[in-house]
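Only one structure is covered here, and it is reproduced in the block below.
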Amino acid sequence: MEPQRGHHILTRLTKIRRRPQQPLTDFTELYSRIANETIYYLNLEEKKQYKEALQGWKALTTDVLFKQTLIEHSYPNTQSYTKDELSLQNGIRELYHKSVMHLERVQKLIHEGPNKKDLPSKTYSNRSSSFTRTTESPPVFQMVPGRMMKTLRNRNACSYRNAYSSSSLSSPINNISSKRREETENIKVNFVPSKPLSNITSKQHKKSVGHDDLLPKKETETYSERYMSEQILIDLTNDEDDHDGILEEPHLFDEEDSEDFEFDVSDYYDNFSEIGKEEEQPINTSKTLDEIQQHMSDLSVTSSVSSSKSTGSLKSIPEPSLRFLPNTAPALPSLPPPPISSIDRASSTDAVKSNSSEASTIMDPLKTKHPQISKLVKNNHAPYLKGTKSTPTLIVKSTPTYVTRSKSNTKSSTKSTASSPTSSLTAPKSVLQKPKTAAMAAKKVLNSKKIVNSSAVNTTKKSRPVLKSKTPKVSTSSLKKTSNHPSRPVSNSKISIQSASVNKKPMKNQTTSTNKTNRKISAQRKINSPKMREPKTEFATENDTPLDEERKNSDVDKKVLREILEDEIIDSLQGVDKQAAKQIFAEIVVHGDEVHWDDIAGLESAKYSLKEAVVYPFLRPDLFRGLREPVRGMLLFGPPGTGKTMLARAVATESHSTFFSISASSLTSKYLGESEKLVRALFAIAKKLSPSIIFVDEIDSIMGSRNNENENESSRRIKNEFLVQWSSLSSAAAGSNKNDTDNSNTDGNEDDSRVLVLAATNLPWSIDEAARRRFVRRQYIPLPEEQTRYVQLKKLLSYQKHTLSASDFDELVKITEGFSGSDITSLAKDAAMGPLRDLGDKLLETERDMIRPIGLSDFKNSLEYIKPSVSQDGLVKYESWASQFGSSGS
Ligand SMILES: Nc1ncnc2c1ncn2[C@@H]1O[C@H](COP(=O)(O)OP(=O)(O)OP(=O)(O)O)[C@@H](O)[C@H]1O
């Protein structure tokens with residue numbers, strides 16, 4: 001028994017250790033915060049301070065969406081969320097929905113309720129968003145972290161003392177009146193994150209799931225009504241837990257607490273729903289619409305809406321169903337724009353165009369900046385945000401499987417639906433999920449989709465499994481939209497090569513895969529299809545033209561395709577850790593900011609080398625075989641700021657290859673063995689998506705000399721794995737055994753060889769010898785020569801007003817001797833500021849055209865403090881290493 005127990009403990013420990021993320025604390029904090037604010041706004045409602053409450057609910061809903069996105073952005077690996085984390089996440093959503101319901105209710109009361117006279121005249125313009133709060137905040141209920149854990153585990157024993165921290169009270173943010181403090185001081189919060197709001201509701205739902213969900217709902221239903229009638233709240237405990245109630249199980253901690261008044265947020269909510277119903281009066285719908293719009297334009301969180309469009313679409317919607325729509329859409333706080341992949345560029349440009357023409361007025365779920373949110377609101381689906389590291393973007397994902405309340409069912413449904421556990425937890429609502437960031441991968445599929453359509457009949461590789469089998473039928477318009485690289489030469493063989501490139505085996509379960517894909521697509525289509533749409537959605541999109549519909553479908557298709565592709569690729573990789581593969585996908589560089597040869601001044605020799613070594617072989621693989629096979633490694637070395645990274649990016653752009661940008665940190669994991677898995681996954685995916693470039697900036701930090709005694713075990717392992725994988729590229733090519741005359745490309749493995757490790761370093765001498773050997777080409781990128789400096793300066797000033805004559809340029813070229821490309825850019829930027837500096841404060845009033853042009857004097861002034869960053873001594877070292885191991889690339 002003992003050894004067995006020990007084994008179990010070890011297994012658990014290993015699991016814990018390998019868990020790469022821990023969002024529990026963040027979720028706990030967020031949950032605590034929502035609960036606190038909720039209590040406060042409920043108090044306001046109780047006191048009939050509806051305007052303040054409305055502002056609060058709005059701010060809260062917006063804030064929750066934002067915070068949740070941030071958390072999930074930080075912890076994207078939802079699959080490894082623990083039960084507690086999922087429970088909290090679910091609880092957060094539950095409270096969020098309740099907040100939306102209250103928002104509606106309060107709006108209704110403000111505009112149509114009998115208590116208009118109770119409304120305070122005070123306006124709270126600053127409370128339109130939680131990000132600009134300046135007025136009072138709710139009191140803070142301090143959570144004891146351990147207690148939340150206990151609460152979750154012992155769902156029935158969960159009361160919290162309302163503990164105020166003196167600091168929070170004294171802070172301006174939490175500056176509440178002493179009276180209110182007294183009122184709330186005795187409140188104790190009973191956090192039951194996963195507790196269903198009412199058993200009746202759940203039961204009702206259970207009954208209705210089979211048939212009612214397809215029937216049209218009453219037009220007059222509000223978001224809250226719909227939510228109440230449709231929700232399936234996930235409870236990770238079983239039913240009994242709910243029936244037991246708090247009294248049946250003693251409090252496991254702090255018995256003193258139980259003497260105080262206990263407060264259950266959910267109960268409080270429910271009570272308020274009741275109160276709301278009592279207080280509600282029949283509403284004169286005909287006169288309220290404009291009022292609501294007007295009022296919301298004053299109060300709501302900003303969102304981009306075309307007022308004219310909005311009015312148009314609103315008019316087309318029967319009023320009863322509209323009345324609460326405008327206020328239920330959670331407005332997203334402005335987030336940094338995601339890097340736009342070439343795939344999305346067209347659509348995002350459209351979005352930007354349309355948004356720019358729209359006036360910022362009211363929150364209209366039908367015309368928000370975030371169409372997916374509006375779609376969800378239209379469908380009355382609970383919005384759920386997920387963000388990638390860099391793109392807190394939303395996409396709709398259908399979750400066709402219903403989740404029941406039993407543990408086992410929850411598990412099975414998790415398996416059977418999306419990869420993210422949260423997606424199953426929120427079923428049957430549509431889920432907003434993070435987009436996959438494998439933009440390049442998606443591009444390939446989307447491109448290949450085009451090819452499949454056009455060349456499927458002509459393809460010579462009928463026997464090989466082609467991506468067609470994985471590619472769902474999509475509309476031709478979507479295909480047109482997605483082919484953003486018309487000039488990109490993609491061989492017909494590419495598709496089959498891709499699907500068969502790893503392990504040279506046909507893709508498993510070809511039919512299953514097709515079916516799965518089609519199911520996914522059709523599930524998404526169903527959401528969009530008018531048949532499946534619920535009444536509100538139909539009203540909302542009544543005016544949609546077939547083109548709009550087509551566009552929506554194609555957007556959904558693209559997103560689904562991206563997901564499918566990533567899943568397919570990961571599934572098809574054998575011997576590769578799935579988590580590591582997902583992480584590597586996040587490393588794929590999105591071609592948001594392409595660099596072309598012309599953008600780089602000079603460096604002609606380096607450019608030619610790169611073309612010969614990488615670009616031509618990638619574009620004409622048939623010519624580069626046998627003796628002419630392309631190199632597997634190329635090193636760019638030289639002083640900092642000479643354009644090495646630019647060159648690498650230009651190579652990626654010009655060779656139309658998948659570009660992986662890897663740094664030491666992205667391969668380093670503190671968990672034992674994880675780094676090696678990452679390296680293996682990196683090379684496997686690079687082969688799968690070939691032609692690929694694995695670009696390693698500052699390669700010396702990964703591939704430093706192995707003789708270094710200070711090197712730790714982990715980096716040694718990464719290095720060894722990297723070298724092994726790198727070698728496998730060469731052997732794969734050598735194994736292909738092609739000769740120059742063999743022009744057939746039926747082998748299907750040639751793309752494996754189109755993987756290049758491109759690296760850059762400022763310290764070439766510290767690279768390990770084994771790695772140096774693999775860099776067949778070592779290109780020195782020196783400081784720019786006169787001609788290069790001239791070209792660069794000309795380029796930099798080409799879009800600026802300047803008075804520099806040819807002789808001024810000559811002078812500038814002379815005085816910038818020893819400057820790197822980066823130094824010259826800095827100098828030009830600083831000189832361009834000269835005319836603005838002269839203006840001083842007048843800058844604010846001066847018209848753009850009145851600003852004087854840049855002159856030589858500006859450059860001379862800037863030269864006072866912009867100095868060359870590379871020393872002459874350093875240059876000597878580079879040159880001697882270049883003459884010994886490299887080739888010059890000026
Ligand atoms: N040949 C060039 N043509 C145009 N711009 C250049 C050139 N070389 C450098 N620059 C400018 O310098 C900046 C830095 O270049 P880059 O990052 O490619 O240098 P690097 O050699 O990779 O530097 P480091 O070794 O420090 O990473 C570029 O963004 C660009 O503005």
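When a ligand or atom number is given, it counts from 1 through the structure's own listing order.
Contact between E698 and ligand 1 is present, with at least one heavy atom of the residue lying under 4.0 Å from the ligand. Taking 4.0 Å as the cut-off, I824 does not count as a neighbour of ligand 1 on heavy-atom distance.
If you check which protein heavy atom lies closest to atom 25 (O) of ligand 1, you get N762 ND2, 2.7 Å. Shortest contact from atom 11 (C) of ligand 1 to any protein heavy atom: T825 OG1, 3.4 Å.
Atom 26 (O) of ligand 1 has its nearest heavy-atom neighbour, among S820, P640, G643, S822, in P640. When the options S869, G641, A650 are ranked by their closest heavy atom to atom 24 (P) of ligand 1, first place goes to G641. Looking at R789, K829, M646, K795 and measuring to atom 28 (C) of ligand 1, the nearest heavy atom belongs to M646.
Between R789 and E817, at least one side-chain nitrogen of the basic residue sits less than 4.0 Å from a carboxylate oxygen of the acidic one, meeting the salt-bridge criterion. Of the charged side-chain nitrogens involved, at least one lies within less than 4.0 Å of a carboxylate oxygen, so that E604 and K607 count as a salt-bridged pair.
Ring centroids of F775 and W726 are separated by less than 6.0 Å, placing the two rings close together. Aromatic ring centres of F637 and Y780: separated by under 6.0 Å.
Close contacts between ligand 1 and L603 involve ligand atoms 1 (N) [criterion: under 4.0 Å to a heavy atom].
In terms of polar-atom proximity, defined here as any N/O pair under 3.5 Å, K644 does make such a contact with ligand 1. At least one N or O atom of A601 sits closer than 3.5 Å to an N or O atom of ligand 1.
Under the 3.5 Å distance criterion, the side-chain polar atoms of R717 are left unmatched by any main-chain donor or acceptor of E676. Under the 3.5 Å distance criterion, the side-chain polar atoms of K795 are matched with a main-chain donor or acceptor of D598.
Of the heavy atoms in T645, both backbone and side-chain atoms come closer than 4.0 Å to ligand 1. Contacts of D599 with ligand 1, taken as heavy-atom pairs under 4.0 Å, involve the backbone alone. Residue contacts with ligand 1 for T642 involve both N, CA, C or O and side-chain atoms from C-beta outward (heavy atoms, distance under 4.0 Å).
The ring-ring contact (aromatic ring centres under 6.0 Å, His included) check on F809 picks up Y790, H802, with sequence neighbours excluded.
The ring-ring contact (aromatic ring centres under 6.0 Å, His included) contacts involving residues 828-853 comprise nothing, where partners must be two or more places apart or lie in separate chains.
Looking at every heavy atom in both residues, F819 comes nearest to D823 through CD2-CB, 3.5 Å.
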